[in-house]
Amino acid sequence: MSYQTGKLGVAAGTGLVFVVIMPRLFLTTTSTLVAEAGQAAWIPPILAGMYGLLMLWVLFYVSSRVPGDLFAIAKTLIGSVGAWLIALLFIFFSFVNAVSLLRQLAECTLITAMPEADIHVVILFYGATVAIIVHYGIEPIARAAYLLMPFIVLGLSVSIALLTPYFDIHFLLPWQGNGLPAIFKTSLVIGGSNFEALVLVALAPAFQRIRTMKKAALFGLGGAAVIKTVFTVAYLLIFDVETGIEKTLPYYEMARLIYINRYVQRVEALLIVLWVVAGLMATAISLYIGMYFLTRLLNLPTMRPLIPAVCLIVLQLSLLPKSLSDTIQFDKIVLLTGAFGIYVLPPLLLAATFFKGRRAKKCAAE
Amino acid sequence: MRRGVMLAVLLAVSVLLGGCQGSHEPDEQAYVMAVGFDKASQPGKIKVSYQIATSGGGKGPGGGPATGPITNMTVITIDNTYPPDSRNLLKSIVALTPTMVHVKMVVVGEGLARQGIGDTIGVIKRMREYRGSMFVAVCHGSAEDFLRANKPIFAMSPAKYYELMMVSARESNYYLSSDLHAVYTRMKSFSSDAYIQLVGVNPSDLSGQPSGTPPPGQRSQEFKAGEIPRAGGNPVEYAGTAIFRGDKMVGILTTEQTRMLSLLLGNFRGGFLEVVDPLQPQQTVNVSLRLGESPKFQAEIVDGQAKVAVDVLLEGSINTIPSGVNYESAAYRPLLEAVISKTVEQSLTDTIRYMQQVHSDAAGFGHFFRGKFSTQEQLVAFNWLQDKYPRADISVHVTTILRRSELMERTAPIIE
């Protein structure tokens with residue numbers, strides 16, 4: 001069956017998790033974060049990363065007790081209906097996430113690089129690219145994601161280093177920003193963007209060992225959280241809160257500011273390529289996860305015939321929001337869905353594991 | 001086979017992308033090097049001037065280096081318009097496609113700056129062709145006059161001219177390089193105000209007069225752009241700073257006051273200062289100074305009153321001692337250091353008082369109170385700019401250490 005995942009190691013798992021949760025950094029999320037948490041906007045990404053790791057560790061524990069992928073685990077612990085609901089949640093989130101990413105990427109392409117292009121053509125091009133990527137399956141995607149990682153890290157690090165002349169340390173004060181409740185609330189919502197990190201458990205058999213998954217989670221999700229935090233700190237140091245909340249594309253605005261001398265300036269064109277590639281990879285991974293669950297749910301022998309149909313539907317759905325502003329609002333709903341998934345699913349399965357274990361002991365005693 | 005099909009599909013799709021259709025050859029574009037905004041004759045509208053370079057910018061006949069003033073720049077002014085609309089109208093005037101991506105300088109006329117630049121800057125910050133790293137200047141007069149009079153005398157491209165003027169600002173600190181990003185960020189800040197370099201057109205007939213009275217002990221004269229007594233060279237000059245409250249210009253700092261501002265901002269890289277000779281007051285001593293370390297600010301709130309203590313350390317070297325007094329020696333050096341400290345201290349105090357008087361915290365004293373609060377709500381309620389800053393108690397202490405005396409160890413008297 002073509003949806004069989006093959007074998008994935010620590011590097012591929014790390015790349016997969018890192019690339020699927022990073023692209024929002026290149027979109028509007030950072031300015032939304034600043035609007036919600038103020039000067040403390042750098043705290044939610046690290047808190048969200050910690051919550052995400054905690055939830056993954058819960059799932060790893062469950063996975064160590066019940067073999068199989070997430071669908072099989074859910075079926076064993078909470079029955080077919082529960083497994084169906086979980087699969088539906090994954091399918092829903094993955095597809096709406098892909099819809100949101102695709103539209104935002106297309107809009108950003110128009111704003112930054114090709115103002116005269118037709119959005120339909122750009123989305124069609126991106127949709128076709130995503131379909132081709134998904135066609136190759138998760139193993140090549142994961143390896144390509146791992147290869148992409150150093151470029152993302154390097155691109156961000158160099159940009160931030162070149163922007164140090166603009167830093168003003170006072171912009172991080174008052175340190176609590178909009179207050180502690182706002183920080184925690186924002187970190188919970190932003191945690192929704194880490195939902196796709198559950199791909200590690202969703203495809204558990206591919207990783208063979210729990211240890212492999214743990215390492216991939218730590219480097220992938222942990223690394224992404226650290227980079228998001230560093231990026232948000234740099235963003236605040238440059239723009240302060242009042243102008244930081246205004247930006248549609250924080251990373252692009254930062255890259256446009258780079259001016260070292262007459263010869264090192266206008267470097268954003270190089271970086272646009274980076275975030276478009278990362279965004280398309282993330283969209284492809286998201287679509288793959290959705291289709292994987294769809295295939296498992298319907299017990300289909302192969303995923304490939306679904307690819308053109310699903311891509312076409314996603315592509316058309318992505319054209320539904322009337323404006324970029326509507327898309328950003330839609331993305332907030334997507335993140336809330338992800339937050340629901342990442343905070344509800346692992347505790348639910350953990351409770352089911354304990355309940356099942358206790359019942360098994362009781363039955364054995366009787 | 002499959003790969004071939006995929007490649008064909010990708011190529012076919014990429015051809016449809018608008019990037020290629022929207023491309024323009026370099027010689028089909030009108031490169032705007034500077035944009036000027038002035039008050040228009042009709043209220044609510046503005047006058048926009050575009051300084052456009054032709055594609056052979058900075059080149060002489062036959063493509064070789066130019067030898068005289070650059071003449072391949074033209075200025076087009078459109079009155080009673082709005083920034084985006086003026087762009088459309090510009091297309092009706094030039095055959096080439098106007099492009100703003102190479103704009104180096106945005107000049108705002110003093111009239112418009114005093115009226116408020118929020119709308120103008122806000123509009124261009126939203127447009128992708130303008131970027132935060134573009135330089136901004138306020139013209140002591142009209143921006144249109146500045147752009148028309150600007151004839152760089154040394155052969156170079158207009159872009160290089162503007163960049164060099166900005167990069168070399170640190171040589172004297174009589175004007176401060178300011179960019180769109182910093183101006184916009186400070187305009188919206190709760191704890192600081194914007195400052196923009198002042199430019200002007202000089203009549204070049206030696207008629208310029210100094211501005212204000214220098215503090216006791218200071219012999220250097222103070223000027224504003226357009227008022228330096230000189231003849232020859234490019235008619236335009238950069239001197240002083242326009243300071244803002246919100247988006248409105250509320251005052252002008254002279255060249256020396258601009259230096260004081262740069263000391264407070266911690267970006268004073270160096271410059272000459274002429275002070276009275278402590279032992280022979282009729283004589284003048286010239287020293288070059290620079291910041292020994294970043295200035296230290298101690299902010300506190302006592303009974304609702306904001307207090308700031310500023311500590312400035314200056315390092316310097318002696319350049320000329322016409323009196324022949326041996327200020328290089330340990331016995332006399334402290335006398336000169338004390339005079340310099342006192343002079344700079346007085347100058348700093350006067351500059352701060354002036355900025356407080358016009359309600360402009362261009363030095364960003366408010367930043368040092370941000371750490372006193374836990375949340376943004378508390379910071380906003382503190383109401384620094386409107387309430388606390390104008391009546392804040394700001395004191396300055398300057399220490400000067402003359403570390404060297406250039407290439408002369410001691411001064412021998414001239415035998416008459």
Side-chain angles (χ1 to χ4, degrees), chain A residues 37-40 109-122 124-129 131-132 135-136 165-166 168-180 182 238-249 252-262 265-266 268, chain B residues 2-3 6-7 9-10 12-23 101-102 104 122 125-126 128-135 157 159-160 163-164 166-167 179-182 184-192 297 364 366-380 382:
Chain A
Q39 287 86 348
T109 307
L110 294 195
I111 293 173
T112 60
M114 299 195 295
E116 292 179 34
D118 185 333
I119 191 160
H120 299 89
V121 178
V122 177
L124 181 70
F125 179 72
Y126 284 169
T129 311
I132 292 168
H135 173 84
Y136 281 104
Y166 290 96
D168 188 333
I169 195 76
H170 300 103
F171 291 166
L172 290 179
L173 299 169
W175 77 273
Q176 286 180 23
N178 292 345
L180 292 176
I238 296 164
F239 290 107
D240 202 357
V241 169
E242 286 72 37
T243 44
I245 59 174
E246 292 181 340
K247 312 293 177 199
T248 306
L249 294 171
Y252 177 65
E253 290 277 11
M254 281 170 74
R256 270 157 59 84
L257 263 186
I258 293 172
Y259 181 94
I260 300 300
N261 53 43
R262 294 191 70 215
Q265 58 172 319
R266 302 171 191 278
E268 71 273 12
Chain B
R2 265 193 327 197
R3 283 184 184 177
M6 277 179 194
L7 192 67
V9 168
L10 283 175
V13 174
S14 63
V15 168
L16 296 174
L17 288 175
C20 300
Q21 295 168 22
S23 68
V101 295
H102 291 282
K104 285 288 161 199
K125 277 292 283 178
R126 200 179 277 269
R128 68 181 271 276
E129 288 183 305
Y130 292 88
R131 59 185 64 226
S133 58
M134 287 172 178
F135 302 113
S157 73
K160 190 173 179 180
E163 286 192 314
L164 277 181
M166 294 302 101
V167 171
D179 60 43
L180 208 51
H181 162 74
Y184 189 71
T185 308
R186 279 171 162 259
M187 251 168 47
K188 302 219 162 181
S189 172
F190 286 105
S191 49
S192 63
F297 294 81
H367 288 330
F368 301 97
F369 288 93
R370 293 175 71 135
K372 305 280 175 202
F373 306 100
S374 306
T375 64
Q376 169 85 344
E377 199 181 353
Q378 292 167 355
L379 176 70
V380 175
F382 181 55

Which one of [options] has the most heavy-atom pairs closer than 4.5 Å to chain B?
options                      : result
A:Arg266, A:Glu253, A:Gln176 : A:Arg266
A:Leu172, A:Ile169, A:Ile111 : A:Ile111
A:Asn178, A:Ile132, A:Asn261 : A:Ile132

Q) Any salt bridge between B:Arg370 and A:Asp240, counting N to O under 4.0 Å? A)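 A salt bridge is present here (some side-chain N lies under 4.0 Å from a carboxylate O).
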
Q) Is there a donor in the side chain of A:Gln265 and an acceptor in the side chain of B:Glu163, or the other way round, less than 3.5 Å apart? A)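 Checked: A:Gln265/B:Glu163 side chains pair up, N/O donor to acceptor below 3.5 Å.
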
Does any backbone or side-chain atom of [X] lie under 4.5 Å from a heavy atom of chain B? Answer side chain, backbone, both or neither.
X        : value
A:Asp168 : side chain
A:Phe239 : both
A:Thr109 : neither
A:Leu257 : both

Could you tell me whether the side chain of [Y] reaches within less than 4.5 Å of the side chain of [X], counting heavy atoms only?
X        : Y        : answer
B:Ser191 : A:His170 : no
B:Phe135 : A:Tyr259 : yes
B:Arg131 : A:Ile258 : no
A:Ile238 : B:His181 : yes
A:His135 : B:Met6   : yes
A:Glu246 : B:Lys188 : yes
B:Arg186 : A:Glu242 : no
B:Asp179 : A:Tyr166 : yes

Q: Using the side chain to side chain contact (heavy atoms under 4.5 Å, CB included) rule, take B:His367 and A:Phe171 through it: C-alpha gap first, then chi angles, then the decisive distance, then the call.
A: CA-CA 8 Å; B:His367 288 330; A:Phe171 291 166; 3.8 Å; yes

Q. Checking B:Lys160 against chain A: side chain, backbone, both or neither under 4.5 Å from a heavy atom?
A.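 Both backbone and side chain.
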
(Q) Quick check on B:Phe382 against chain A: is it the side chain, the backbone, both or neither that has a heavy atom closer than 4.5 Å? (A)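 Neither part, no heavy atoms under 4.5 Å.
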
Q: Identify the heavy atoms of B:Ser133 and A:Arg256 that sit nearest to each other, and give their distance.
A: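 So the two residues come closest at OG-O, 4.0 Å.
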
Q. Closest approach of A:Val241 and B:Gln376, non-hydrogen atoms and distance?
A.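 Scanning both residues, the minimum pair turns out to be CG1-NE2, 4.4 Å.
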
Q.
Just to verify, what does B:Tyr184 make a ring pair (Phe, Tyr, Trp, His ring centres under 6.0 Å) with, not counting sequence neighbours?
A.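 Partners of B:Tyr184 by the ring pair (Phe, Tyr, Trp, His ring centres under 6.0 Å) criterion come out as none, since no residue qualifies.
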
Q) With A:Lys247, which residues qualify under side chain to side chain donor-acceptor pair (under 3.5 Å), at least two apart? A)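 Expected list: none.
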
Q: Could you tell me whether B:Arg126 atom CZ has more than 12 heavy atoms of other residues or ligands within 6.0 Å of it?
A: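 No.
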
(Q) Rounded to the nearest 0.5 Å, what separates atom OG1 in B:Thr375 from atom CD in A:Gln39? (A)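 The distance works out to 9.0 Å.
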
